*Asks:* 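Let me give you the structure first, and then I'll get to my questions.
These numbers come from a predicted model, not from an experiment. Here is how names work: the chains are called A, B, and so on, in the same order as the sequence lines, proteins then strands, and each is numbered from 1. Side-chain atoms are counted along with the backbone in the values below, which use heavy atoms only and exclude waters and symmetry mates.
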Amino acid sequence: MCIAPNAGLDDSWSGLAFVGESLACRRGTRLLFENLSFSVRSGEALVVTGANGVGKSSLLRLAAGLLTATSGRARLEGDAADTRMSERTHYLGHDDALKASLTVRENLGFWRAVLGSQGLPVEDALDEVGLGGLGRLPAMVLSAGQKRRLAIARLLVSRRPLWVLDEPTTALDAQAQARFAALGRTHLQAGGLILAATHTPLDFGPGARELRLGAPR
Amino acid sequence: MTAPFLALVHRDFLLAMRAGGGAGLGVVFFLSVVTVVPFAVGPDLALLARIAPAILWIGAMLASLIGLERLFAADVEDGSMDALAGAVLPLELVTAAKGLAHWLATGLPLVVAAPFLALMLNLDLPGIGALMATLLVGTPAVTALGLIGAAFAGAFRRGGLLIAVLVLPLAIPVLIFAVSATNAAITGPVPFGTPFQVLAGLSLFALVLGPVAAAAALRAAR
């Protein structure tokens, strides 16, 4: 595992903090959670746990700006005033956001161009997730685990401080899970922030804390 | 902002061209409509020439709507739309880029195919020129308005019915002025320019309205 950490060269992430202030989320008539506050500082990971349906995914979508909070707000503190939070955030959801008829390289190259803020080149990112040499295959022939790795490679081709990860290791084998945890640790060492929901324990190192969501009301 | 925009146009164009993308469907539909009409109305060349602009435009308009129901739905279902929310592009430019790619893959081929189909309907040379000009200006408007229906279909997971119901009424003015401009070029008495300028105006309006309204629909559904 050897990403060359080019962190801190162009912009420093050390002053960043992702803060949720008394968040509440209502889906339909059901109140998933209320008065939820948390903060994740640079180099820290917050792992959200809780039973199915407790609102983990909603919390993450809310953090990624894909859902509007019923009350309260989530924001990235310490960032330049003119940057939109969505451009500083990676959201890795349940779905892999891949197109079956495009090749592995085309899929990842597309995300690299569209997400901007240049990270690793496509080939390096593929090597990093263990898909090196598969670049010319159409994404439709990949296995579920390989598709997941390709989705994870999206986090590497665009350099963004906040990773919002919803069950990132679904379909990954034990070795790939360990590899992903190592990618996460490297990201944290470079000053990144991680907000993740997961059922499988992921070793994000000393900077990891747990946020337990309670029973739904 | 240009590079991400072009990357999105390129990806959607590739997707349309690859197997299962459905880029050729519109032209095939256009072809079927236009070839069937002479069999239905009979071999009266004068009558065919008179109704040719209307038939060709109805065919082109309906063909432009084919495939729109999957335009955003596919991206919503596979998670691409969530990831695109983090793009350096505003959502309005995301919808515009997807619309442009869709027009390049389905609208532009209609414009290219039109003169050959027009021959089958006994349209004269000035008529063919006018038809191509109106299609070139008018089909982007139909696609742009179609984006609104496509966004609803994607956002609320309802199928193609919504597109016809939402988009056809909005596209009627385009149809009216496009056909009257083509007729004006063939028979007069109104000069071609008058309805054509209205068509161009409608088209500019639609090109602004479509992407903005589609983006609003996608945001509302989050």
*Asks:* For a quick test of reading the model, state the closest non-hydrogen atom pair linking A:L66 to B:A85 and the distance between them.
*Replies:*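 Smallest heavy-atom distance, with atoms named: CD2-CB, 3.5 Å.
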*Asks:* Does the salt bridge (charged side-chain N to carboxylate O under 4.0 Å, His left out) test come out yes or no for A:K99 and B:D12, once each step is laid out?
*Replies:* CA-CA 10 Å; A:K99 294 296 178 188; B:D12 265 39; over 6 Å; no
*Asks:* Of all the heavy-atom pairs spanning A:L115 and B:V88, show the shortest one and how long it is.
*Replies:*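 For A:L115 versus B:V88, the nearest heavy atoms are O-CG1, 3.6 Å.
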*Asks:* Main chain of A:N107, side chain of B:R11: is a donor-acceptor contact present, judged purely on distance under 3.5 Å?
*Replies:*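 Answer holds: no.
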*Asks:* Tell me whether A:F38 at atom CZ has more than 12 heavy atoms from other residues, nucleotides or ligands lying less than 6.0 Å away.
*Replies:*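 More than 12 heavy atoms, drawn from other residues, nucleotides or ligands, come within 6.0 Å of this atom.
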*Asks:* Would B:D78 and A:D96 satisfy side-chain contact (heavy atoms from CB on, under 4.5 Å), going step by step from the backbone distance to the final call?
*Replies:* CA-CA 7 Å; B:D78 69 12; A:D96 295 326; over 6 Å; no
*Asks:* Relative to chain A, which segment of B:L8 carries a heavy atom at a distance below 4.5 Å: side chain, backbone, both, or neither?
*Replies:*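 Contact with chain A involves both backbone and side-chain atoms of B:L8.
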*Asks:* For side-chain contact (heavy atoms from CB on, under 4.5 Å), just list the numbers for A:D95 and B:E77, CA-CA rounded to whole Å, side-chain angles, deciding distance to a tenth of an Å, and then say yes or no.
*Replies:* CA-CA 8 Å; A:D95 303 310; B:E77 281 162 20; over 6 Å; no
*Asks:* How far does OG1 of A:T103 sit from CZ of B:R18, to the nearest 0.5 angstrom?
*Replies:*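 Here the rounded value is 6.5 Å.
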*Asks:* Might you work through the side-chain contact (heavy atoms from CB on, under 4.5 Å) test for B:H10 and A:E106, ending with a clear yes or no?
*Replies:* CA-CA 10 Å; B:H10 182 238; A:E106 283 168 342; 5.9 Å; no
*Asks:* Could you tell me whether the side chain of B:L84 reaches within less than 4.5 Å of the side chain of A:W111, counting heavy atoms only?
*Replies:*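 Contact flag for A:W111/B:L84 side chains = yes.
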*Asks:* Counting only heavy atoms closer than 4.5 Å, note whether A:L98 contacts chain B via side chain, backbone, both or neither.
*Replies:*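 For A:L98, the backbone is the part near chain B, not the side chain.
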*Asks:* Looking only at heavy atoms, what is the nearest atom pair of A:A97 and B:A83, with distance?
*Replies:*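 So the minimum-distance heavy-atom pair works out to CB-CB, 4.4 Å.
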*Asks:* Top residue by heavy-atom pair count (under 4.5 Å) with chain A, among B:S80, B:A74, B:A7?
*Replies:*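 With the most close heavy-atom pairs to chain A, the winner is B:S80.
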